[in-house]
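Let me begin by presenting the structure, written as structure tokens, before commenting on it.
Sequential numbering from 1 along the given sequence is applied to the chain's residues. Computed over heavy atoms, backbone and side chain alike; hydrogens, waters and symmetry mates excluded.
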Amino acid sequence: MHRYFTDQRHEGLRQKVRDFAEREVRPRIAEMEASRAVCHDLSRLIARQGWVGATVHRAYGGMGAGHVAKTLIIEELSRVSAAMGAMVQASQLGVAKIVHFGSEEQKKNWLPAVASGDCLPTIAVTEPRSGGHVLGMESTAVRDGDDYLLNGRKIYVGNSHVGDLHGVVARTGEGSKGLSAFLVESGSPGCRVAPQQPAMGLHGFSFGELCFDDCRVPAAHLLGREGDGLSVAYSSSVLYGRPNLTAVSLGIHQAVLDETTTFCAQRERYGKPLADLGNIKLKLGRIQSRLLLARLSAYHAVHLLDQGLPCDAELMNAKLVNAESALESARDAMDIHAACGLFTDRPVERFLRDAHHIFAPAGTSDVQLLRLGEIALGQTKGEWSARLAELLRLDPSEWPEEDTVNAPADPVPVEDVQATVPEQRTGPAGQRSWFARLR
């Protein structure tokens, strides 16, 4: 079904990302799982492939390839390592604030570095006392001459320990118009990254805490105008956060199916493959069905984004469907693996742990359902996808040719590794689909 919304250039990009993930990322998974440490060098290597700049206009050195391309990049990385898929999605979420609200000078200063992988951006909104309630944040930014003095704490910041440029939303006044957003360079005096805390999953990815203590930020680093902070936070979450996390869930979901079908084909019970048992086929059928529906919802939503069409509801639904169905399929996979799934020599338990991390960011399932209910009742006050359509619409002339779709302006050589790329799995019987046979 993914071919419904992609062309040959998308397929070429997909294969290049898949090959890279198998060659460069998969050999590092055991190390990341064992150490639970932030994987700085691999994060930089991935960034320097140019993929963080998937939606950055080519005039600023980006790929100019749009949101469908961005989705498949995250999906293919997440199919191998959800941690590295999360790293890319968090950086691309950081891109949104500059693309949507950055001045021309800010775009020229930062987007080329983002596109080349020399700058990993983040966005920092959530706080310890307010959680996802953006209007409840307490961090402050007070004007002091040509600067602002920033004070407060931000938690669950994706790429906190590898990020170079933090998009920080803080209070400059009262109410919904009293929030503003700033670009804060990592290492600025008064900006400190708290130690990384052990987490359930996504080992290798950092989502930690930033502390600001009279951190001086130049007024030129204000994103948009004073009072635009709520718009920066909401538009980034809706238009990038939800589809990006959808893509991570989609990659995990595909990995669940790949691993489980292979296990069922190899493991024997009662003298025949596990896959021949009726109850196992039913569970595999449920996983396959969920994945087909999840992929359709994901790519349909970002296809609309690339067309510049209103699609806030589709983006919410894609996040809801993908986060929930990946978890359900991972649980089914654990049931099929039984005791085997409890040990780390098989990755199915990692898939379940990683899938849980996608549930809360950019809105839990209850939040998505609440917003979808408001849309059904006609209670919304406009759509971000409609307001920012001109910035989201993909210009076909910007989409590069197939031979350059996966490369930044100056291709970055990757390190030689000994790992080989396994053949693409085709299911327990190794058969092609009827659709593929009849093409």
Side-chain angles (χ1 to χ4, degrees), residues 4-7 9-10 52-74 89 91-104 106-108 110-111 114-115 121 123 125 134 167 169 176 179 181 223-225 227-247 296-320 362-363 368 371-372 374-376 378-400:
Y4 189 80
F5 292 119
T6 59
D7 61 20
R9 289 170 294 185
H10 284 122
V52 175
T55 60
V56 174
H57 198 285
R58 295 188 77 192
Y60 302 107
M63 290 175 62
H67 291 266
V68 170
K70 171 172 63 73
T71 296
L72 68 87
I73 289 169
I74 299 171
Q89 79 81 23
S91 286
Q92 290 177 335
L93 177 58
V95 167
K97 63 187 182 294
I98 305 175
V99 171
H100 295 165
F101 291 92
S103 66
E104 185 60 26
Q106 288 168 343
K107 290 179 180 179
K108 288 180 178 178
W110 295 109
L111 291 182
V114 168
I123 190 163
V125 177
V134 178
V169 180
S176 61
L179 298 178
L223 278 167
R225 300 165 299 180
D228 284 344
L230 191 63
S231 296
V232 171
Y234 280 174
S235 66
S236 298
S237 177
V238 172
L239 302 177
Y240 274 71
R242 286 169 180 162
N244 288 6
L245 291 161
T246 292
L296 183 59
S297 68
Y299 278 87
H300 176 60
V302 290
H303 172 73
L304 295 176
L305 266 185
D306 278 345
Q307 300 300 308
L309 298 173
C311 57
D312 285 28
E314 286 82 358
L315 294 169
M316 296 171 194
N317 187 61
K319 168 60 162 61
L320 170 70
Q368 311 305 333
R371 297 291 175 255
L372 287 169
E374 290 171 349
I375 290 173
Q379 296 176 349
T380 59
K381 298 179 181 179
E383 296 189 66
W384 284 110
S385 51
R387 296 182 201 178
L388 300 175
E390 291 303 315
L391 294 172
L392 296 165
R393 185 178 293 112
L394 177 63
D395 182 354
S397 66
E398 283 300 309
W399 179 234

>> Could you check whether any side-chain heavy atom of H100 comes within less than 4.5 Å of a side-chain heavy atom of W384, counting everything from C-beta outward?
In response: no

> Who pairs with D312 by side chain to side chain donor-acceptor pair (under 3.5 Å), at least two apart in sequence or on another chain?
Replying inline: S385

> To the nearest 0.5 Å, what is the distance between CE (M316) and OG1 (T246)?
Replying inline: 12.0 Å

>> Show, in sequence, the C-alpha distance, side-chain angles and deciding distance for K70 and Y240, and conclude whether the side chain to side chain contact (heavy atoms under 4.5 Å, CB included) test is met.
In response: CA-CA 10 Å; K70 171 172 63 73; Y240 274 71; 4.1 Å; yes

>> Minimum heavy-atom separation for E383 and P310, please, with both atom names.
In response: OE2-CB, 3.5 Å

> Looking at V99 and L391, what are the two nearest heavy atoms and their distance?
Replying inline: O-CD1, 3.7 Å

> Which value, rounded to the nearest 0.5 Å, describes the distance between R371 atom CZ and Q379 atom CD?
Replying inline: 10.5 Å

>> Atom CZ of residue position R393 - does it have more than 12 heavy atoms of other residues, nucleotides or ligands inside 6.0 Å?
In response: yes

> Which residues satisfy the side chain to side chain donor-acceptor pair (under 3.5 Å) test with S237, sequence neighbours excluded?
Replying inline: none

>> For a quick test of reading the model, state the closest non-hydrogen atom pair linking A115 to Y60 and the distance between them.
In response: CB-O, 4.3 Å

>> Which residue is it: L239, N244, L392, L315? I am looking for the one with a side-chain contact (heavy atoms from CB on, under 4.5 Å) to H67.
In response: L392

>> Please find the pair of heavy atoms, one from G241 and one from A362, that lie closest to each other, and give the distance.
In response: C-CB, 4.0 Å

> Considering all heavy atoms of both residues, which atom of V125 and which atom of V134 are nearest to each other, and what is their separation?
Replying inline: CG1-CG2, 4.1 Å

> Hey, does L320 have a side-chain heavy atom less than 4.5 Å from the side chain of N317?
Replying inline: yes

> Heavy atoms, side chains only, cut-off 4.5 Å: are F101 and S231 in contact?
Replying inline: yes

> Taking atom CD1 of I74 and atom CD of Q92, what is their separation to the nearest 0.5 Å?
Replying inline: 4.5 Å

>> Ignoring hydrogens, what is the shortest heavy-atom contact between K381 and R387? Give both atom names and the distance.
In response: O-NH2, 3.0 Å

>> Between K107 and E104, does any side-chain N to carboxylate O distance fall below 4.0 Å?
In response: no

